[in-house]
Every structure is written in C-alpha cells, then in structure tokens.
Amino acid sequence: EAITNIKVLGTSTSPFSNRVEIALNIKSLDYEFIVEDNFNNKSELLLQSNPIHKKIPILIHGDKAMCESLVILQYIDETWPDGLSILPSDPYDCAIARFWATYVDNKWFPLMLEIREAMGKDAKKVVLQNIIEGLDQLEEAFVKCSKGKDFFGGDNIGYVDIVLGCFLGWIRGMEMMLGLNLVYEAQTPSLAKWAERFLSEKVVKDVILEHGVLDFLL
Ligand code: GSH
C-alpha cells in the first residue's frame, strides 16, 4: 500500500485513536496521521467523514472513510488478513472477544466518566466500587481468554488487548487523581502483568502516552 492511501484522523491522547494506530502497526501498514486535537475547530475532512458523530478516530482508505474504533479494527483485520490477526478466527472466541470489547466500551469505561461527574464522596465511592468490580470481572475474563498465554488474544495482542489496553493511560491517570491503585498485583494480578506486557510491546510503545490523558482528568 502506498503510504498516502491510508489516513488516520485522530490525536495521540485519545484511546480510541490509539486503537487504530496499534491495529495498523500490527499489520505493518504505513499511514498518514492527521492530528485532530481541537474539538472546537474540527476540520472539513473530519466533518465530512463523520457527519453523524463528528468524532475521531476516522480511517480513510483510498476514498473510503469509516468511523467508530471497533468498526475500524474489524475493517483493518479483514482488509489485510495477512500476518497476525486481531480478531480470533474461531467464531466462539471471536464472539467472546467482541462481548468483552463491548463490555469495556459500553459498561466499564462510562464509569470513568461518571466518577468525575459524581457529586460528593459517597456518590464517588459507589462509582469507584463499580469500577473495581468491573476490573475484577476483566481479570477473570483475562484468565479465561488468555488460556495461560500472555494476552487476551493468546500469544499476540488481539482485539480485547487493544480495546482495554488503550485505556491504561486513563487508568493510571485515575489512580493518580484518586490516590489509589486500580490495576495492581494484589487486586488484579494477571491484569497487572498483562498491562506491563502490553505497554512494552513494539506496536504499542510509540502510540500510547501512558499518562497522556491526565490533563483531561484533573
Ligand atoms: N465510540 C467512539 C469510537 O470508538 O471511535 C468514540 C470516539 C470518541 O469518543 N472520540 C472523541 C471525540 O472525537 C475523542 S476521544 N470527541 C469529539 C467531540 O466530542 O467533539
């Protein structure tokens, strides 16, 4: 592929945008990264490509534009099937991976937004408890999905790794904000080790700013 044939509209502080870059790295694809970090002044290209949500990330492949990070991950996996795959090839494993990705995006991550909005100590405590319960569930999911291997996807980074891994910056930011640990050896031992492995992977390292989103949180 010519480098100009693949464009990503995104910003390095967005976990959703990070996902797309990691997926392209897994497939060893070059791409042009178009920074869209001023949401008060979105480019014409962004507004044209995602008129419904007006959000990043957006993948433009040739003259085809698409949005929603989970949709984009699947497109990348199906369009460039060579090399490592992102979604599991077994239909049941794939269903389970999609289940957990949806869980992370629709159920768990919204709690990270909710805790900022929660008024007062007691309300925050309730949300925090839900965040921790969610992480316990993800710890269990990791043990089941990884089957003793390094990643949710097995030997290599896959769908759920990318989806959850891109929130590690938020998790670390939240830990600093609240002054406590969320993903750590004593509470979520498998996830704690997984997090370290994930962040030190070649395809991830240059993409994720570990504390990059801290500014938003504080
Ligand atoms: N569900 C979307 C996905 O998975 O791609 C979420 C994307 C999203 O929330 N993007 C944010 C955005 O573009 C940046 S992290 N916000 C622009 C705005 O709110 O105006």
Side-chain angles (χ1 to χ4, degrees), residues 6-27 29 31-61 64-80 86-87 94-95 97-117 127 131 134 138 141 152-153 157-174 176-177 198-199 203-204 206-218:
I6 305 175
K7 295 187 176 78
V8 178
L9 274 67
T11 166
S12 56
T13 55
S14 161
F16 304 102
S17 172
N18 295 160
R19 290 173 178 176
V20 175
E21 287 197 89
I22 291 170
L24 292 168
N25 284 346
I26 286 175
K27 300 290 183 178
L29 294 162
Y31 55 94
E32 185 187 340
F33 191 68
I34 302 173
V35 178
E36 287 275 358
D37 56 2
N38 184 357
F39 296 151
N40 296 316
N41 184 19
K42 293 171 181 165
S43 74
E44 211 35 55
L45 185 59
L46 187 160
L47 297 172
Q48 269 172 20
S49 311
N50 190 354
I52 305 287
H53 298 299
K54 305 179 177 68
K55 286 187 173 184
I56 51 107
I58 298 166
L59 179 76
I60 302 178
H61 180 208
K64 294 177 291 229
M66 70 212 82
C67 26
E68 286 298 318
S69 60
L70 299 184
V71 172
I72 297 171
L73 291 191
Q74 189 175 349
Y75 177 85
I76 292 171
D77 205 26
E78 290 174 351
T79 305
W80 294 281
I86 294 169
L87 281 151
C94 188
R98 297 176 66 145
F99 171 85
W100 284 114
T102 311
Y103 170 83
V104 168
D105 272 18
N106 297 353
K107 187 118 184 168
W108 181 79
F109 180 66
L111 298 170
M112 301 287 266
L113 305 173
E114 220 178 278
I115 199 166
R116 291 189 306 176
E117 309 292 319
V127 185
I131 290 177
L138 288 164
F152 281 93
I157 287 185
Y159 197 60
V160 185
D161 298 287
I162 300 172
V163 169
L164 181 62
C166 286
F167 285 134
L168 284 167
W170 273 78
I171 293 174
R172 297 301 178 221
M174 191 60 74
M176 290 173 90
M177 187 180 93
F198 178 81
L199 291 170
V203 291
V204 172
D206 299 335
V207 175
I208 294 203
L209 305 166
E210 207 184 333
H211 299 293
V213 288
L214 200 55
D215 292 353
F216 296 5
L217 292 169
L218 298 177

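These numbers were taken from a predicted model, which means no experiment stands behind them. Atoms within each ligand, like the ligands themselves, are counted from 1 in listed order.
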**OP:** Decide if the gap between the ring center of Phe16 and the ring center of Phe167 is smaller than 6.0 angstrom.
**Re:**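 Yes - the distance between ring centres of Phe16 and Phe167 falls below the 6.0 Å cut-off.
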Subject >> Contacting atoms of ligand 1, where contact means under 4.0 angstrom from a heavy atom of Ser14 >> reply: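 Result: 15 (S).
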Original post:
Which atoms of ligand 1 are found less than 4.0 Å from any heavy atom of Lys42?
Top reply: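 Every atom of ligand 1 under 4.0 Å from some heavy atom of Lys42: 17 (C), 18 (C), 20 (O).
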Original post:
What about Phe39: any of its N or O atoms under 3.5 Å from an N or O on ligand 1?
Top reply: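 Phe39 vs ligand 1: no N/O contact under 3.5 Å.
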Original post:
Would one find an N or O of Lys54, backbone or side chain, under 3.5 Å from an N or O of ligand 1?
Top reply: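 For ligand 1, there is no N or O atom that lies under 3.5 Å from one belonging to Lys54.
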Original post:
Mind checking what makes ring pair (Phe, Tyr, Trp, His ring centres under 6.0 Å) contact with Phe33, not counting sequence neighbours?
Top reply: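 With neighbours one apart ignored, the set is empty.
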**OP:** Could you pull out all residues at least two apart from Glu68 that satisfy side chain to side chain donor-acceptor pair (under 3.5 Å)?
**Re:**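 If we apply the side chain to side chain donor-acceptor pair (under 3.5 Å) test to Glu68, skipping adjacent residues, there are no hits.
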Original post:
If you draw a 6.0 Å radius around CD1 in Ile52, do more than 12 non-hydrogen atoms from other residues or ligands fall strictly inside?
Top reply: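 Not buried by this count: 12 neighbours or fewer within 6.0 Å.
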